[in-house]
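All values derive from a computational prediction rather than experimental measurement. Hydrogens, waters and symmetry mates are skipped; everything else that's a heavy atom, side chains included, is used.
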Amino acid sequence: MTLLSSWLRLAGLMASGNKSKGLVGPVLIILILSMMVLPLPPFLLDLLFTFNIALSIMVLLVSMYTMKALDFAAFPAVLLFTTLLRLSLNVASSRVVLMEGHTGPDAAGKVIEAFGHFLVGGNFAVGVMVFIILVVINFMVITKGAGRIAEVGARFTLDAMPGKQMAIDADLNAGLIGEDVARKRRAEVAQEAAFYGSMDGASKFVRGDAVAGLLILVINIIGGLIVGVAQHGLDFSAAATTYTLLAIGDGLVAQIPALVISTAAGVIVSRVTTDEDVGGQLTGQLFANPQVLFLTAGVIGLMGLIPGMPNLAFLIIAGGLVWLGRRVAQRSASAVSVGAAAAAPAPAATEPQEASWDDVALVDPLGLEVGYRLISLVDRAQNGELLGRIKSIRKKFAQEIGFLAPVVHIRDNLEIKPNAYVIKLKGVPIGHGEAAPGQWMAINPGQVSATLPGTQTKDPAFGLPAIWIDASLREQAQIYGYTVVDASTVVATHLNHLIHAHAAELLGRQEVQQLLDRIGKESPMLIQDLVPKTLSLTTLQKVLQNLLEEEVPIRDMRTILDVLAEHAPSVSDTTELTSLIRLALGRAIVQQIYPGNEELQVIGLDSSLDRVLLQALGNSGGLEPGLADSLLRETQTAIDRQTQLGLASVLVVQHPLRVLLARFLRRNLAQLKVLSHAEIPDNRTIKVTATIGGRA
């Protein structure tokens with residue numbers, strides 16, 4: 001009875017708390033394997049066979065009440081454990097049958113005797129036929145069908161994984177779900193693929209179990225005849241009757257639970273995921289239409305009137321279907337009347353509810369509104385590519401600029417043109433344009449060799465002349481020298497351009513705090529002594545915004561924070577702090593404009609103008625109107641010259657003048673970049689290709 005005490009101890013572990021649950025699996029495997037080598041008394045066999053039957057029924061009921069396959073994600077493991085349990089019981093019972101079968105039909109316990117004697121009437125020929133039928137049903141029908149469904153389900157689930165992942169990413173980028181929900185949905189997708197893959201393999205256990213049961217039956221019958229006749233002196237007829245009935249009882253007591261488990265596997269893999277269990281789906285869909293019930297009752301009733309047919313049985317079923325159809329029809333009518341009664345008071349005037357904070361609509365930091373013809377670009381069901389492009393834009397922006405841009409909230413707007421879109425920053429439009437789904441925009445970079453038929457337009461991002469053309473003209477447009485992009489790329493490029501242009505406005509206090517938290521994970525001491533002890537979060541935000549306004553990335557936050565830690569105790573002006581940071585980032589700033597080690601071909605100031613500007617800066621009186629106009633005019637001329645030469649529009653001045661000229665000139669000439677001599681590394685060569693001169 002040592003094994004019995006072990007099983008009782010296992011039951012105690014299963015009923016105990018979470019600390020003991022981890023021991024259930026290893027202990028169960030050890031007990032199952034020990035049953036194959038240790039002899040079991042008949043009473044313990046009765047208990048284990050009964051437990052096996054109860055376990056199979058529990059598995060079937062659990063599979064019937066699950067809402068989706070992942071609710072019973074442990075089913076493949078359960079399938080393996082139950083198969084091993086049945087095989088172990090077969091080995092243990094076969095040992096008892098062959099050793100003690102000569103003593104009578106109850107040698108292997110009452111359960112095997114009951115299945116071998118009462119269920120088949122003591123007729124071993126009938127028992128063999130019943131057993132073969134059960135094996136055929138289990139092996140050829142249920143197990144094979146469930147295995148095929150699991151195989152196809154695994155294939156389709158794996159094929160659908162990329163689409164599901166993209167749909168989750170699209171919802172996340174569109175702001176429809178949060179990071180936690182996205183993480184949970186990704187885990188469910190991975191679990192679903194793993195489940196169907198496991199089910200595809202686990203179904204082979206049941207198929208092998210059916211074959212093993214048939215072989216064990218043959219071995220028990222042949223082995224029983226040899227043992228009974230040769231060792232115990234039984235005559236052939238008595239040995240055949242006794243051992244065949246015991247072998248049949250042993251086979252049936254294992255195959256019936258196997259059939260139940262196979263049915264549960266079929267239920268799990270064949271169900272369609274809804275918010276109802278299998279019973280609710282069957283009753284709600286099979287018996288929901290009273291017309292179907294009435295027509296079926298009519299057909300069965302007519303068949304029952306045919307002479308020679310079992311009239312009573314057919315008429316009873318027909319009457320039951322008529323009764324059920326009337327009940328369903330009455331239930332549907334009462335539901336409609338209740339719905340109408342509930343809807344009737346709706347037009348009546350009701351007292352308006354008190355306003356609450358839920359009525360306050362917060363403005364989205366970044367928004368994209370599209371006309372109804374552009375919905376296909378952002379609808380993943382229609383293979384819209386814009387959501388994926390926006391995801392790439394945010395990722396590239398974070399890598400290039402140094403912080404994560406807010407999520408772009410996308411909405412349809414029936415008040416704008418069908419092909420139009422509007423890009424909003426904090427609820428205010430900052431850009432708009434039109435796109436033509438299914439067509440391509442051919443942008444003229446200025447050196448095309450021919451014209452194309454189509455709708456004339458302008459590139460919304462940079463204002464270049466362009467044409468909307470049909471897809472058939474795409475290759476021809478590329479041959480002519482046009483830059484050809486699709487509608488999604490047009491919108492995405494415009495959005496990307498505006499995000500970079502308004503990067504300073506997108507950097508809020510929340511983004512700055514998240515940036516500090518990110519750096520604090522790797523360099524906690526750098527943050528701990530600076531913010532907020534030496535420098536407030538607001539001051540840091542303003543300094544970073546100043547850098548972004550001058551198109552200086554803030555990726556090198558360690559250098560930025562080092563400079564602030566050194567100078568913030570003595571310098572409080574954010575403009576001066578920004579200038580000090582620019583000096584530290586000079587190499588990166590120059591490298592961004594002039595990659596490699598090429599010569600810096602820049603715009604310079606005439607020495608007389610340089611002195612006048614320094615004097616004006618010292619007097620703090622600002623620029624005189626005449627001087628300002630002349631400076632703007634000559635700067636524009638210098639920029640045009642640089643553009644004709646294919647050079648960057650960069651003005652290099654003395655360090656004290658940089659802030660003054662950057663503010664004044666960039667307000668009117670956005671494409672101009674202003675550097676100071678102190679920001680240029682010593683190993684870079686400067687060549688002045690244009691000079692701005694002026695008179696005091």
Can you confirm whether the side chains of Q654 and S676 place a donor and an acceptor under 3.5 Å from each other? no
In terms of side-chain heavy atoms, does T689 have a donor or acceptor partner in R641 at a distance below 3.5 Å? no
How many angstroms lie between atom CD of E576 and atom CD1 of I581, to the nearest 0.5 angstrom? 11.5 Å
Residue pair L377 / S488: nearest heavy atoms and the distance that separates them: CD2-OG, 3.5 Å
Can a side-chain donor-acceptor contact be found between R663 and T575 if the only test is distance below 3.5 angstrom? yes
Greater than 12 external heavy atoms within 6.0 Å of Q671's CD: yes
Between the side chain of T643 and the main-chain N/O of I639, is any donor-acceptor distance below 3.5 Å? yes
Quick one: do E505 and K426 make a salt bridge, cutoff under 4.0 Å? no
Would E634 and T691 count as a side chain to side chain contact (heavy atoms under 4.5 Å, CB included) if you check the C-alpha gap in whole Å, the side-chain angles of each, and the deciding distance to 0.1 Å? CA-CA 9 Å; E634 295 193 23; T691 304; over 6 Å; no
Verify side chain to side chain donor-acceptor pair (under 3.5 Å) between E434 and T457, making sure each step is shown before the conclusion. CA-CA 9 Å; E434 294 190 16; T457 184; over 6 Å; no
Give a yes or no on whether the backbone of L498 and the side-chain of H502 come within a donor-acceptor separation of less than 3.5 Å. yes
Non-hydrogen atoms of A466 and D459 that approach each other most closely: CB-N, 4.1 Å
Would you mind reporting whether L506 and L548 have side-chain heavy atoms less than 4.5 Å apart? no
Is the shortest side-chain heavy-atom distance between L368 and V491 below 4.5 Å? yes
Looking at every heavy atom in both Y480 and T451, which two are closest together, and how far apart are they? CE1-O, 4.1 Å
Supply the atom-to-atom distance I593 CD1 to L600 CG, rounded to the nearest 0.5 angstrom. 8.0 Å
Restricting to salt bridge (Lys or Arg N to Asp or Glu O under 4.0 Å), what partner residues turn up for R587, sequence neighbours left out? none
Give the minimum heavy-atom separation between A662 and V674, together with the two atoms involved. CA-CG2, 3.9 Å
Distance-only side-chain donor-acceptor flag, Q636 / D640, under 3.5 Å: yes
Partners of Y482 by ring pair (Phe, Tyr, Trp, His ring centres under 6.0 Å), sequence neighbours excluded? none
Run the side chain to side chain contact (heavy atoms under 4.5 Å, CB included) check on L516 and L540 step by step: do they pass? CA-CA 10 Å; L516 291 177; L540 176 60; 3.8 Å; yes
Main-chain N/O of A568 paired to S572 side chain as donor or acceptor, under 3.5 Å: no
Do L609 and L627 come close enough that some side-chain heavy atom pair is under 4.5 Å? yes
Is the closest side-chain heavy-atom distance between N413 and V370 below 4.5 Å? no
dist T685:OG1 -> Y594:OH (nearest 0.5 Å) comes out at 12.5 Å
Does Q447 CD have over 12 foreign heavy atoms under 6.0 Å away? no
Pick one: which of L507, V543, L585, T559 meets side chain to side chain contact (heavy atoms under 4.5 Å, CB included) with I554? L507
Kindly indicate, with the supporting measurements, whether the criterion ring pair (Phe, Tyr, Trp, His ring centres under 6.0 Å) is fulfilled by Y421 and H432. CA-CA 6 Å; Y421 64 89; H432 60 84; 8.2 Å; no
Measuring from atom CZ of R658 to atom CG of L583, what distance do you get when rounded to the nearest 0.5 angstrom? 8.5 Å
Under the salt bridge (Lys or Arg N to Asp or Glu O under 4.0 Å) criterion, do E522 and R558 qualify, and how do the steps go? CA-CA 11 Å; E522 300 178 0; R558 288 186 178 85; 2.6 Å; yes
Given M557 and L544, is the side chain to side chain contact (heavy atoms under 4.5 Å, CB included) satisfied, shown in steps? CA-CA 10 Å; M557 281 297 296; L544 296 178; 4.0 Å; yes
Contact between V490 and H494 at the side-chain level, heavy atoms closer than 4.5 Å - yes or no? no
Is R411 salt-bridged to E369, cutoff N-O under 4.0 Å? no
Side-chain donor/acceptor of T489 to backbone N/O of V485, under 3.5 Å: no
Return the minimal non-hydrogen interatomic distance between R582 and I589, and the atom names on each side. O-CD1, 3.8 Å
Ignoring hydrogens and angles, state whether a donor on the side chain of D470 or S472 is under 3.5 Å from an acceptor on the partner side chain. no
Is there a side-chain contact between E511 and P406 in this structure, where contact means two heavy atoms from C-beta onward sitting under 4.5 Å apart? yes
Could you tell me which non-hydrogen atom of K458 sits nearest to which non-hydrogen atom of M441, and how far apart they are? O-CE, 4.1 Å
Show the numbers, then the answer: is there a side chain to side chain contact (heavy atoms under 4.5 Å, CB included) between R183 and V181? CA-CA 5 Å; R183 193 178 300 109; V181 177; over 6 Å; no
Side-chain contact test, heavy atoms from C-beta onward, threshold under 4.5 Å: evaluate it for H409 versus L366 and give yes or no. no
Using a strict threshold of under 4.0 Å (side-chain N to carboxylate O), is an ion pair present between R474 and D486? no
Distance, nearest 0.5 Å, that separates CZ of R555 from CG of L515: 13.0 Å
Could you tell me whether the side chains of N546 and E550 share a donor-acceptor contact shorter than 3.5 Å? no
What I'd like to find out is whether the side chain of L605 reaches to under 4.5 Å of the side chain of L651, using heavy atoms alone. yes
How long is the gap from CZ on F403 to CD on Q510, to the nearest 0.5 Å? 12.0 Å
